[in-house]
*Asks:* 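My questions all concern the structure below.
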Amino acid sequence: MLQISQFNILYQKDSPDYRRRKLAKRIHIPSQDIQDMRIVKKSLDARKKPEIYITYTFRFTVRNEEEVLKRNKGERNLSRVKEEPSLWPQIHLCRDSGNDGRHRTVVVGAGPAGLFCAYYLSLCGVHPILIERGAPMEERTAHVERFWQNGTLDRESNVSFGEGGAGTFSDGKLNTGVKDRTGRKQFVLESFVRFGAGEEILYEARPHIGTDVLRTVIVNMREELLRQGCEIYFYTRMKDILIEEGAVSGILAESRSSSDAVTEERIACDRLILSIGHSARDTFALLKERSVAMSPKSFAVGARVQHRQADIDFAQYGVVDDRLPVSSYKLTGKTGDGRGVYSFCMCPGGYVVNASSESGGLVVNGMSNAGRDSGNANSAIVVTVDPEDFGSKDVLAGVEFQKRWEIAAYELCQGRIPVQRYGDFKENRVTEAAGKILPCVKGEWEYADLHKILPKFVINGMIEGMEQFDRRLSGFADEDTLLLGIETRTSSPVRIERDTEYVSLSVKGLYPCGEGAGYAGGIMSAAMDGLRVAMKIEEQGGRAGTWIKKR
């Protein structure tokens, strides 16, 4: 099989037949000689707008492969396909290894890290227990919709907590800057396709699933986990870690029934994977109490900006054409005081959502469905916050910093999302009416003054950043651009320290994992970190033993 990369086609001409004919002409063979032509990578090149190209990498078979390569020896982008790394040989080897089954494993948290950690272990013949404090997807979706409609918050089942993790109610973005030569990235993407995502995520430069499709994918993944022998318990929160002689011996789990009755249960284990997410503040407090090694880390704070998607498309493409996909952007800058300011979690055709998980606090996030067709684009414009800004040396000072501003945001509009025109934000005045951009929001909102809910250095940094970004993306800092706040949970405020074997520095058998532990930032990197930990556990001999449960 052969591969050709950097293959550019004007978007107006793109079609399967045109691709085949152009490739045949380029490598000097009849088009009928090209077989099994498939897309490996696809991206959009708008650097010469409005002349826009689609850049492909194709794989295909031909007759007389060797002859074709000789004839095109000057074509540097043409080559034989190299064998790609895959996790499946290792999975089959683990399953057949006859591991002695001495170790018992519990995974805490059913976000991407926890799900993929449990999935890999299950495929290898290990049967972990997976506990999740929130609800299964079907019930969680109902809880979130109810919250957006009337403000009734379930503190254990919401946009942050529940099956699928916080990323389920986002854009479902699957792009990542993580370099991977082991096959973990491909394993995650192929698994998503296996469970219901479109095959285009395997080759698009910026793949996304969309929150509506991702919910179905997660449910299908749960069914496969159960089929593989994984035990899953929802509405079950880790209340305590049981430690004996410096090593994990189990957990104390607190379960909530449909009637809100609470029961406690001891679950014995000697391997505990913590994939708790960046909003599990009570768990961070527990870890501090149990002297688990942690350190404060930087994150970023700001607000969501909202534009008309058509305006972003025109700024990016220089043309209006329904054949082009809705566009996205990624913007970075630096403030006068040296802080980073950047766009975060850009959601084309999406919504700004109330993502609160605690009573009396408010935080927002962005979300898109698969169709990305809301008419508005949004992203967070955020400024870096360092531990020196927290006002305390305490390991959880970053958590308290977040909470302080989330409480201010809640109190400003009695739990509704504060909204402000950018022109008013610059002048520090309350917005009284929208301009040409109308809010596209999940949850109640109200016009307000965002200066009251953001630190001064963040306000200044956002304004500096907006003006910088406007020079790169015309209209970005338009007076009518909307700001919606507050965004504080861009990443975990702590890092749960681990060694090169992914084990806690202070507790043997404890494996901090994913975004909440400070080792990932998004669906893909979290899922890949979950796989990384699972592979290490299996390498050490992780087949399940007999579960010991005590009331």
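Just the heavy atoms: all of them, side chains too, but no hydrogens, waters or symmetry mates, feed the values below.
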*Asks:* Can you name the nearest heavy-atom pair linking Cys347 to Asp171, along with the distance?
*Replies:* SG-CB, 3.8 Å
*Asks:* Taking Asn220 for its side chain and Val217 for its backbone only, find out whether a donor-acceptor pair lies under 3.5 Å.
*Replies:* no
*Asks:* Can you list, pair by pair, the side-chain donor-acceptor contacts under 3.5 Å of residues 186-196, counting residues two or more places apart and other chains?
*Replies:*
unit_1	atom_1	unit_2	atom_2	d
Gln186	NE2	Glu190	OE2	3.3
Ser191	OG	Phe187	O	2.7
Ser191	OG	Arg194	NH1	3.4
Arg194	NH1	Tyr119	OH	3.2

*Asks:* Keeping Arg339 on the side-chain end and Val383 on the backbone end, is there a donor-acceptor pair under 3.5 Å?
*Replies:* no
*Asks:* Less than 4.0 angstrom from a charged side-chain N to a carboxylate O is my criterion; do Asp270 and Lys508 meet it?
*Replies:* no
*Asks:* Keeping Arg140 on the side-chain end and Glu163 on the backbone end, is there a donor-acceptor pair under 3.5 Å?
*Replies:* yes
*Asks:* For Ser257, which residues count as a side-chain hydrogen bond (donor to acceptor under 3.5 Å, both in side chains) partner, sequence neighbours excluded?
*Replies:* Ser259
*Asks:* Specify the closest pair of heavy atoms between Val507 and Ile243, including all atoms of both residues, with the distance to one decimal.
*Replies:* CG2-CD1, 4.0 Å
*Asks:* Table please: side-chain donor-acceptor pairs of residues 130-138 below 3.5 Å, with sequence neighbours left out.
*Replies:*
unit_1	atom_1	unit_2	atom_2	d
Glu132	OE1	Ala110	N	2.8
Glu132	OE2	Gly134	N	2.9
Glu132	OE2	Gly162	N	3.0
Arg133	NE	Glu156	OE1	2.7
Arg133	NH1	Asp282	OD1	3.0
Arg133	NH2	Glu156	OE1	3.2
Arg133	NH2	Glu156	OE2	3.4
Arg133	NH2	Asp282	OD2	2.7
Glu138	OE1	Arg222	NH2	2.8
Glu138	OE2	Arg222	NH2	3.4

*Asks:* State whether the number of non-hydrogen atoms from other residues, nucleotides or ligands found under 6.0 Å of Glu200 atom CD is greater than 12.
*Replies:* yes
*Asks:* Is there a donor-acceptor pair closer than 3.5 Å between any side-chain N or O of Ser374 and the backbone N or O of Gly350?
*Replies:* yes
*Asks:* Please step through side chain to side chain donor-acceptor pair (under 3.5 Å) for the pair Tyr233 and Glu265, ending with a clear verdict.
*Replies:* CA-CA 12 Å; Tyr233 299 101; Glu265 182 176 40; over 6 Å; no
*Asks:* State whether a side-chain donor-acceptor pair under 3.5 Å links Ser491 with Lys297.
*Replies:* yes
*Asks:* Examine distances only and state if a side-chain atom of Ser506 and a backbone atom of Ala293 form a donor-acceptor pair shorter than 3.5 Å.
*Replies:* yes
*Asks:* Checking Asn365 side chain against Val353 main chain: does a donor-acceptor pair fall under 3.5 Å?
*Replies:* no
